[in-house]
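Hydrogens, waters and symmetry mates are skipped; everything else that's a heavy atom, side chains included, is used. Ligands are counted one by one from 1 in listed order, and the atoms in each one are counted from 1 as well.
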Amino acid sequence: MLKSVSVQTKVYDGQKPGTSGLRKAVKVFQQEHYTENFVQAILDSLGNELAGSTLVVGGDGRYYVKDAVQKIIKIAAANQVRKLIIGQNGILSTPAVSTIIRKYKTLGGIVLTASHNPGGPDADFGIKFNCNNGGPAPDNITNKIYELTTTLKSYRIVPDMIVDISKIQECSFQVDDKEFTVNIIDSVDDYLELMKNIFDFGSIKELLHGNNEIPPFKVLINAMNGVTGPYITRIFKNELELEDSCLVNSTPLEDFGGLHPDPNLTYASELVTAIQNGPYDFGAAFDGDGDRNMIIGKKAFFVTPSDSLAVLAANLQLIPYFQKTGIKGLARSMPTGAAVDKVAAKKDIKLFEVPTGWKYFGNLMDAGLLSLCGEESFGTGSDHIREKDGIWACLAWLSIMAKLGKSVEDILIEHWKTYGRNFFTRYDYENCETDSSNKMMKELEAKIQKPGFVGKEFNIGNKSYIVNIADNYSYVDPVDKSKATNQGLRIIFTDGSRIIFRLSGTGSSGATIRLYIDSYDDDVSAYKKITQETLEPLVKFALELSKLAEFTGRQEPTVIT
Ligand code: G1P
Ligand code: ZN
């Protein structure tokens with residue numbers, strides 16, 4: 001029989017989860033007791049429900065995942081958890097964790113990921129708690145976890161427990177007279193089963209391989225050395241019978257092979273170049289933990305995530321899952337381009353706007369109000385789980401293309417002709433100095449909240465814009481009435497064009513300023529326009545108004561989407 005012990009610890013400051021869990025440098029997590037403290041705080045936050053519970057554990061394969069899994073096993077065993085379900089080698093994509101929590105009705109799950117942040121001994125790690133609905137813990141729970149970390153005096157652990165997580169197996173132990181079971185499962189099985197229930201794999205297969213009338217549809221899929229490797233191998237190679245050469249970077253690596261595993265035009269340039277120069281009709285890339293996606297068409301025609309959401313919304317009825325469930329509602333995060341709003345209006349479907357972060361969609365889904373949602377940050381998903389889901393988005397696109405029989409570009413052009421076009425761009429200024437970034441935001445907030453700013457007219461480019469709303473965005477959840485404040489500075493003009501400034505909540509150090517611009521154009525020739533040219537005057541105006549260059553010393557953004 002194994003015995004648990006209590007270990008004295010010291011409080012670490014700053015264990016406050018951000019937009020998506022606690023994210024810090026690996027070196028920070030490696031400090032004595034640091035990871036243990038946070039895990040103990042997560043377990044303590046579960047109160048009476050913890051004893052006898054089942055939890056899911058898995059991560060994106062980055063450096064330190066395996067160490068963290070072993071620590072979680074030891075700590076869970078000592079805290080009367082009855083069972084852990086763990087992905088083989090600690091590998092579970094974020095969407096897979098959500099799937100497994102829901103399927104086996106567990107109390108929750110611990111996701112070991114820093115998402116799209118680089119990995120390796122000198123890069124980032126993260127721990128996130130997901131609740132029994134499969135979704136990221138809402139603010140009241142993450143706040144509780146944080147509170148607990150500030151007073152923690154000790155944690156409980158079974159020092160002698162070691163489980164071989166490389167083998168699929170179920171093993172049971174007697175710990176302090178109670179049974180404790182660890183179930184190491186295949187990382188892909190449950191997720192694959194879910195995807196097969198949602199989509200018609202037969203029609204996707206026909207699209208990919210062609211038939212007597214249509215040529216094969218050539219795709220290239222890049223896992224960016226992240227967690228989706230085993231998932232795309234099973235789905236696209238084994239099930240949909242694509243050749244190996246269609247899958248790139250499909251082995252999860254602890255340092256993502258040095259990549260910054262974020263599927264955007266800058267960090268996924270390898271995919272963009274390959275599609276630009278190759279015979280491909282379609283390309284997709286995913287981030288480190290598999291919840292983000294980038295979709296591009298022939299010659300690297302880029303689909304902005306805001307447009308991707310709108311196109312999926314307009315065609316959702318082509319996917320078997322939604323034929324069964326119906327379309328309950330649509331949603332986007334506040335800074336996301338408002339293209340989906342036009343679809344919702346035309347189809348008379350309820351639309352929700354929520355703050356940045358997937359956790360805000362969960363309540364709406366649980367209440368049966370929401371089917372499809374997305375964020376401009378390459379996140380798209382539905383109520384099949386409670387996380388965004390990169391591979392799901394790719395399969396959704398392929399399903400729709402199989403039915404429509406059109407190219408990505410033609411689908412977009414037709415969409416814009418029907419609904420008008422929202423031009424959207426995001427400028428990221430990564431790793432700025434925290435103090436000066438905060439000052440910039442403070443000064444801008446004061447400026448836009450001065451009496452007279454609303455109603456003011458500005459000549460920007462060759463258009464005149466009148467300010468309709470200028471505020472610091474706050475949100476009241478329609479289901480539980482919880483309130484989120486300080487969610488980004490908004491300047492909304494009477495024509496619907498929006499300028500938004502936000503500070504990132506996912507960085508592990510310094511500050512990242514995000515500037516979002518969204519502007520609607522219903523001119524029939526809007527489909528021919530180039531986004532960056534179209535939005536340049538609004539970008540320039542926003543930068544001058546905020547004095548961003550003055551505050552941060554940055555002349556150019558790090559990433560433009
Ligand atoms: C970023 C994105 C946000 C997304 C989050 C987690 O958060 O902007 O949309 O939900 O990553 O993937 P941020 O760094 O802006 O706080
Ligand atoms: Zn992610």
**Prompt:** For Phe352, is the NZ or CZ atom of Lys350 found under 6.0 angstrom from the centre of its six-membered ring and inside 45 degrees of the ring axis?
**Reply:** yes
**Prompt:** Within a strict 4.5 Å, meaning less than it, do heavy atoms of the Leu312 and Ile400 side chains meet?
**Reply:** yes
**Asked** How many degrees, to 10°, between Ser115 OG and Asp287 OD2 as seen from the Zn ion (ligand 2)?
**Response** 90°
**Request:** Answer yes or no for Ser333: is there a heavy-atom contact with ligand 1 below 4.0 Å?
**Result:** no
**Asked** Which one holds for Arg426 and ligand 1: side chain close, backbone close, both close, or neither close, with close meaning a heavy atom under 4.0 Å?
**Response** side chain
**Request:** Please identify which atoms of ligand 1 are closer than 4.0 Å to at least one heavy atom of Gly357.
**Result:** 10 (O)
**Message:** Between Asp289 and the Zn ion (ligand 2), is there a contact where an N/O/S atom of the residue lies under 2.8 Å from the metal?
**Reply:** yes
**Message:** Need the atom name: nearest N/O/S atom of Asp291 to the Zn ion (ligand 2).
**Reply:** OD1
**Request:** Have a look at Arg502, Lys388, Glu430 and point out the one with the heavy atom closest to atom 12 (O) of ligand 1.
**Result:** Lys388
**Request:** Only heavy atoms count here, so choose which of Ser377, Gly505, Gly18 is nearest to atom 2 (C) of ligand 1.
**Result:** Ser377
**Message:** Heavy atom to atom 1 (C) of ligand 1, shortest distance: which of Glu375, His116, Arg292 holds it?
**Reply:** Arg292
**Item:** Tyr191/Tyr231 aromatic ring centres below 6.0 Å
**Value:** yes
**Asked** Any side-chain hydrogen bond (donor to acceptor under 3.5 Å, both in side chains) pairs touching residues 432-443, not counting sequence neighbours?
**Response** Glu433-Ser436, Glu443-Lys547
**Request:** Tell me, yes or no, whether the heavy-atom count around Lys540 atom NZ, taken from other residues, nucleotides or ligands under 6.0 Å, exceeds 12.
**Result:** no
**Item:** Side chain proximity check, Glu376 to Arg332, heavy atoms < 4.5 angstrom
**Value:** no
**Message:** Between Asp389 and His384, is there a side-chain donor-acceptor contact under 3.5 Å, judged purely by atom types and distance?
**Reply:** yes
**Asked** If you measure every N/O of Asp291 against every N/O of ligand 1, is any gap under 3.5 Å?
**Response** no
**Item:** Within-4.5 Å side-chain heavy-atom neighbours: Trp397 and Val408
**Value:** yes
**ligand 1 versus Ser504: contacting region, heavy-atom distance under 4.0 Å** = both
**Prompt:** Counting each atom of ligand 1 from 1 as listed, which ones have a heavy atom of Thr356 under 4.0 Å away?
**Reply:** 3 (C), 8 (O), 9 (O)
**Asked** Would you call Asp124 and Lys24 a salt bridge, using N to O less than 4.0 angstrom?
**Response** no
**Request:** Would you mind running through ligand 1 and noting each atom that sits below 4.0 Å from a heavy atom of Arg514?
**Result:** 8 (O), 13 (P), 14 (O), 15 (O)
